[in-house]
Number of protein chains: 2
Amino acid sequence: MKFLYHPDRAELNLSTVLYALSDPVRLLIVSKLSTGEERTCGDFGLPVVKSTVSHHVRTLRESGVVRVRVQGTQRFVSLRADDLNDRFPGLLAAILKAYNVSEEKQNLLSNGQQS
Amino acid sequence: MKFLYHPDRAELNLSTVLYALSDPVRLLIVSKLSTGEERTCGDFGLPVVKSTVSHHVRTLRESGVVRVRVQGTQRFVSLRADDLNDRFPGLLAAILKAYNVSEEKQNLLSNGQQS
DNA sequence: TCTATCGTTCGATTATAATCGAATTATAGA
DNA sequence: TCTATAATTCGATTATAATCGAACGATAGA
């Protein structure tokens with residue numbers, strides 16, 4: 001069984017988090033997690049193959065943006081909203097709000113698959 | 001005389017802006033501009049050579065984070081706070097606040113020069 | 001016109017990362 | 001034990017970018 005590294009709340013680094021959130025695919029993942037519910041890796045409906053999804057989820061996890069929980073053959077991914085809010089108050093909300101009014105999601109999905 | 005490209009307010013792109021802000025040197029530049037005053041490129045006191053400063057200022061300009069104004073042999077750089085606030089309300093403030101309470105500035109400057 | 005200053009550009013190096021497909025691992029369930 | 005499923009890892013490719021030093025360009029001022 002693999003150990004999945006997650007940085008502690010106090011170790012969250014601003015540039016690292018901003019970098020993790022600066023990729024369109026990863027922004028889409030975070031947007032889909034913003035309801036607060038968990039999703040499995042296969043459940044994101046992303047326009048990239050599964051090994052690429054795995055790479056992006058790992059980047060988000062190692063930066064501290066998401067938490068990954070193993071159950072059986074699946075990984076349940078959730079937003080670390082509380083930790084992010086503690087360290088960077090208002091940041092996640094501002095990014096999600098900006099993302100939702102932008103057309104970035106549409107740009108990404110118009111060449112890929114749907115919700 | 002060179003024409004300096006600046007994206008319009010409406011063209012600001014979230015992932016591009018986040019990427020521009022995900023570099024420690026560029027975060028330091030933005031932090032120093034956050035008083036609202038202009039600075040020249042040579043005036044940032046960064047721990048990198050001037051060609052690297054030029055590269056970072058260009059990245060910030062082309063992403064829409066800063067405006068660059070030419071006067072004589074100098075470039076006056078300022079934050080596009082109004083444009084960023086219009087498109088991404090709260091984002092800049094959250095990032096600056098997070099940056100100021102972090103130790104990233106210290107990390108960067110401890111190996112370089114001061115203020 | 002000469003020179004110093006400010007900044008950009010260029011070329012090179014090095015590092016990082018986004019992406020894919022194939023192979024692999026781990027687990028649940030028949 | 002066998003098989004299907006979920007996801008990771010690996011290797012390769014391609015692209016991007018951070019950094020430096022050297023050369024260049026533009027301008028102000030002597």
Side-chain angles (χ1 to χ4, degrees), chain A residues 1-6 13 15-30 38-63 65-78 104 107-109 111-113, chain B residues 1-6 13 15-30 38-63 65-78 104 107-109 111-113:
Chain A
M1 230 279 267
K2 285 281 302 182
F3 171 74
L4 295 180
Y5 169 75
H6 293 84
N13 179 269
S15 5
T16 306
V17 167
L18 292 179
Y19 181 78
L21 294 173
S22 73
D23 180 272
V25 175
R26 292 193 293 263
L27 267 182
L28 181 52
I29 292 175
V30 168
E38 290 181 317
R39 292 231 192 186
T40 63
C41 290
D43 211 32
F44 286 116
L46 301 170
V48 289
V49 302
K50 62 181 181 167
S51 59
T52 303
V53 175
S54 187
H55 161 72
H56 284 305
V57 170
R58 177 184 180 153
T59 301
L60 287 168
R61 172 175 54 81
E62 293 183 341
S63 73
V65 173
V66 304
R67 191 169 296 283
V68 180
R69 178 174 71 81
V70 179
Q71 187 173 46
T73 61
Q74 300 185 107
R75 270 79 173 141
F76 285 89
V77 185
S78 56
E104 291 199 41
N107 291 346
L108 192 57
L109 292 178
N111 302 14
Q113 51 243 57
Chain B
M1 232 277 267
K2 286 281 301 180
F3 170 76
L4 295 180
Y5 169 75
H6 293 83
N13 178 269
S15 3
T16 306
V17 166
L18 292 178
Y19 181 78
L21 294 172
S22 73
D23 180 272
V25 175
R26 291 193 292 263
L27 267 182
L28 181 52
I29 292 174
V30 168
E38 290 181 316
R39 292 232 194 186
T40 64
C41 290
D43 211 33
F44 286 115
L46 302 170
V48 288
V49 301
K50 61 180 181 167
S51 58
T52 303
V53 175
S54 186
H55 161 73
H56 285 305
V57 170
R58 177 184 181 154
T59 300
L60 288 168
R61 173 175 54 79
E62 293 182 341
S63 73
V65 173
V66 304
R67 191 170 296 282
V68 180
R69 177 174 71 82
V70 180
Q71 189 173 45
T73 62
Q74 300 186 107
R75 270 78 174 142
F76 285 89
V77 184
S78 57
E104 292 198 42
N107 290 345
L108 192 57
L109 293 178
N111 302 13
Q113 51 242 56

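Keep in mind it's a predicted model, so treat the numbers as computed, not measured. Just so it is clear: chains get the letters A, B, ... in the order the sequence lines come, proteins before strands, and each one is counted from 1.
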Grab the [atom1]-[atom2] distance between [X] and [N] for me, whole Å please.
| X | N | atom1 | atom2 | value |
| --- | --- | --- | --- | --- |
| A:K50 | C:dA18 | NZ | C1' | 18 Å |
| B:E62 | D:dA18 | CD | P | 12 Å |
| B:L4 | C:dT9 | CG | C1' | 13 Å |
| B:L28 | D:dT19 | CG | C1' | 16 Å |
| A:I29 | D:dA7 | CD1 | P | 12 Å |
| A:R61 | D:dT9 | CZ | C1' | 13 Å |
| A:L60 | D:dT8 | CG | P | 12 Å |
| A:F76 | D:dA7 | CZ | P | 8 Å |

Looking only at the side chain of [X] (C-beta and beyond, no hydrogens), which of the listed nucleotides [options] gets closest?
| X | options | answer |
| --- | --- | --- |
| B:V49 | C:dG7, D:dA17, D:dC20 | D:dC20 |
| A:C41 | D:dA7, D:dA18, C:dC20 | D:dA7 |
| B:Q74 | D:dT8, C:dC6, D:dC20 | C:dC6 |

TODO: Under the side-chain contact (heavy atoms from CB on, under 4.5 Å) rule, collect the residues that match up with B:S51, sequence neighbours excluded.
DONE: B:V49

Which atom pair, heavy atoms only, marks the closest approach of [X] to [Y]?
| X | Y | answer |
| --- | --- | --- |
| B:V66 | B:H6 | O-CD2, 3.7 Å |
| A:S63 | A:V17 | O-CG2, 3.6 Å |
| B:S15 | A:S22 | CB-O, 3.2 Å |
| B:L18 | A:L27 | CD1-CD2, 4.4 Å |

TODO: Would you mind telling me which residue lines up with the more 5' stretch of DNA chain D, B:H55 or A:R75, judged by nearest nucleotide?
DONE: A:R75

Quick one: is [N] close enough that its OP1 or OP2 comes under 4.0 Å of any side-chain N or O from [X]?
| X | N | result |
| --- | --- | --- |
| B:H56 | D:dT19 | yes |
| B:R58 | C:dT9 | yes |
| B:T52 | D:dC20 | yes |
| B:R26 | D:dA18 | yes |

Interface polar pairs with nucleotides 28-30 of chain D, N/O, under 3.5 angstrom:
none

- [ ] Take A:F76 and A:T40 through the test side chain to side chain contact (heavy atoms under 4.5 Å, CB included) and record every step on the way to the result.
- [x] CA-CA 5 Å; A:F76 285 89; A:T40 63; 3.6 Å; yes

Open item on the list: Across nucleotides 10-16 of chain D, 5' to 3', mark each nucleotide with B, S or - according to how protein heavy atoms within less than 4.0 Å reach it.
Closed with: -------

Tabulate below the donor-acceptor pairs under 3.5 Å that side-chain atoms of residues 54-61 of chain A make, not counting sequence neighbours, or state none.
residue, atom, partner, partner atom, Å
A:H56, ND1, A:R26, NH1, 3.1
A:R58, NE, A:E62, OE2, 3.2
A:T59, OG1, A:H55, O, 3.1
A:R61, NH1, A:Y5, O, 2.8

Open item on the list: So, using side chain to side chain donor-acceptor pair (under 3.5 Å) as the criterion, who are the partners of A:Q74 when residues are at least two apart?
Closed with: none

Task: Residue list, side chain to side chain donor-acceptor pair (under 3.5 Å) with A:T16, at least two apart or on another chain - done: A:N13

TODO: Enter the distance from A:D23:CG to A:L28:CG here, rounded to the nearest 0.5 Å.
DONE: 10.0 Å

